[in-house]
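Sequential numbering from 1 along the given sequence is applied to the chain's residues. First listed ligand is number 1; within each ligand, the first listed atom is number 1.
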Amino acid sequence: MPIQTFRRAHRPLQQHAADWQPVPESTFDALRLSRDELEQLARSFRGRIVLPGMPEYDTDRVSNPLFDFHPVALLYCAVPGDVALALQLARHARLPFTCRSGGHSTAGFSVDDGLVIDVSLMRGIAIDRDRMEARVASGVNFGDLNAVLDTHRLHLPGGGCADVGIAGYMQGGGYGFTSREFGMNCDNVLGVTLMLADGSLVVADDRRNRDLFWAARGGTGNNFGVLLDVRYRLHALYEVWGFGLRWPLAGAPDALLLLQQAYMREGAPAALGFQAFLAESAGEPSLNVLGMFHGPRAEGLAAIAALRATGAPELTIDRVDTYARLNDGLLDQLTPPTGDVVEFKRSGYLASPLARADWQALVDAYRRAPSRFAMIGFEPYGAAIRTPPPGGNAFVHRDVDCDLFIDSFFDASGSPTSREAAQSWLDDTMALMRPFLNGHVYQNYPVRGLPGFRHAYWGAAFEPLLAVKRKYDPQDVFHFEQSLSPWPAGIERPGTAPLDAPAGAAEAIERVAPPPALHEVLSAGA
Ligand SMILES: Cc1cc2nc3c(=O)[nH]c(=O)nc-3n(C[C@H](O)[C@H](O)[C@H](O)COP(=O)(O)OP(=O)(O)OC[C@H]3O[C@@H](n4cnc5c(N)ncnc54)[C@H](O)[C@@H]3O)c2cc1C
């Protein structure tokens with residue numbers, strides 16, 4: 001079995017007492033460890049421990065004006081044993097924690113004021129060509145994964161950004177240019193390995209811990225355990241035809257009308273994957289459709305012929321290339337935000353038809369955006385996304401036209417009014433679209449403070465997901481603002497009938513390794 005492995009460590013992993021010199025005493029108090037005890041712990045830890053006062057602390061805690069946390073420690077785990085130690089440390093110090101892989105949670109859910117259990121040093125990728133499978137460690141990002149798959153001319157639906165980590169992306173669904181052909185990233189999962197809060201290891205697949213297998217695909221990260229690796233089914237795909245279409249804004253309403261009518265939930269071939277953006281491109285606000293077709297160029301051109309006949313858009317990209325290169329390059333057509341800008345993001349699923357006048361109103365709203373970097377994006381669903389894999393999974397957003405997202409920007413160093421303007425433009429534009437949205441929200445574009453997030457993210461899967469959560473994390477140790485938890489009193493619950501319990505719900509947890517014995521450094525205070 002050919003195996004290709006990445007293990008990239010950006011900094012020396014071995015640490016010494018001198019590393020803790022600049023760390024304030026309050027940190028040791030919070031960890032309930034002396035400096036000597038921490039050094040002893042670090043000797044067993046294969047990764048790196050970053051604490052306040054250390055030179056990398058401020059960049060590593062990743063903050064922005066919308067979320068600004070000061071973790072007591074960032075624990076870069078290099079092996080599963082490090083994750084077990086990190087979980088023990090959280091228990092010992094009675095600190096909350098959150099998991100982090102690619103660190104791309106747009107709501108900042110992968111950092112908090114307790115511990116950050118970071119898996120980004122765990123970057124192994126094993127490809128089994130004969131079985132068309134890959135086993136991918138949870139710290140792997142799509143830049144590395146696509147590079148490895150490209151060598152083998154194999155494929156997995158992945159995101160548009162090279163730095164997005166598989167752990168957060170997969171557990172929340174995972175949409176990409178080829179999802180219409182191969183489903184969401186989570187639909188391609190054959191099994192997962194997680195470490196539960198007590199440090200025990202579980203494998204969840206179609207034979208073992210089947211309820212957890214169902215829940216881990218769409219149930220959203222940081223809910224059941226620390227995801228360690230994912231086993232994927234791969235597809236044969238290498239070169240695709242890439243295309244780009246650009247309309248001036250005057251042509252956008254007709255094109256958007258046609259896109260919804262004939263290119264989203266139904267109509268277009270599954271081999272056609274694309275995203276549409278009202279955004280600045282080549283210095284002009286415009287409508288851009290960027291995509292790829294898995295098949296000959298001539299068939300791809302035929303698939304988009306009706307679009308090209310609507311308002312005579314410019315063909316900005318027309319090239320056969322590898323998926324990996326096109327995936328990296330297609331979105332470069334759009335003007336990237338520059339300067340010290342901060343993004344507000346909201347999204348919703350479009351599931352009802354808009355008339356031409358409604359599209360015109362949206363285009364007019366886009367013209368009023370307070371920042372030239374503002375973007376209204378459309379991620380078309382349909383085709384393979386409509387059908388969950390056999391046995392189903394917890395990703396519920398299936399029968400929709402597209403995920404609509406709006407990115408609004410303000411200058412971090414600008415006046416408070418510029419932030420208010422960005423927020424109110426976003427609110428007004430979302431309000432304009434509300435009659436056409438189905439009330440659900442893609443959990444990979446989470447919104448802090450969203451009152452109905454349980455229904456919005458999980459719909460009919462919420463109740464069975466909560467049952468899986470109670471079984472695998474009975475102490476609710478994996479806890480954050482939007483983790484799975486009962487509906488609070490006073491919040492109106494939607495009348496959706498819950499899905500049936502997933503297969504395996506009545507079975508006991510099957511562990512492949514029990515919790516490790518308490519490490520002697522931590523045992524005293526545990
Ligand atoms: C620039 C950018 C581009 C994006 N493009 C796309 C796209 O094309 N398609 C798409 O579908 N989404 C996209 N997203 C959204 C992306 O899917 C989510 O932000 C996703 O959660 C990121 O995963 P991550 O591992 O990088 O993030 P993280 O912030 O590390 O994690 C996200 C969530 O998962 C949890 N988590 C992380 N690691 C683990 C673990 N090992 N075990 C348990 N829980 C864990 C975290 O606690 C957090 O709650 C994009 C986001 C950004 C910022």
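Within 4.0 Å of ligand 1, the residues that place a heavy atom are Thr98, Cys99, Arg100, Ser101, Gly102, Gly103, His104, Ser105, Thr106, Phe109, Ser110, Val119, Ser138, Gly159, Gly160, Cys161, Val164, Gly165, Ala167, Gly168, Tyr169, Gln171, Gly174, Tyr175, Gly221, Asn222, Gly225, Val226, Leu227, Tyr442, Asn444, Tyr445, listed by chain and number.
Of all the heavy atoms in Leu196 and Phe224, the pair that sits closest is CD2-O, 3.6 Å. Looking at every heavy atom in both residues, Cys99 comes nearest to Phe478 through SG-CE2, 4.0 Å. Annotation for Val136 and Leu145: closest pair CG2-CD1, 4.0 Å, computed over non-hydrogen atoms.
Atom CZ of Arg511 has more than 12 heavy atoms from other residues, nucleotides or ligands within 6.0 Å.
For Arg398 and Asp187, the salt-bridge test passes: some basic side-chain N is under 4.0 Å from an acidic carboxylate O.
Counted by atom type alone, Tyr76 and Asp82 present zero donor-acceptor pairs between their side chains at under 3.5 Å.
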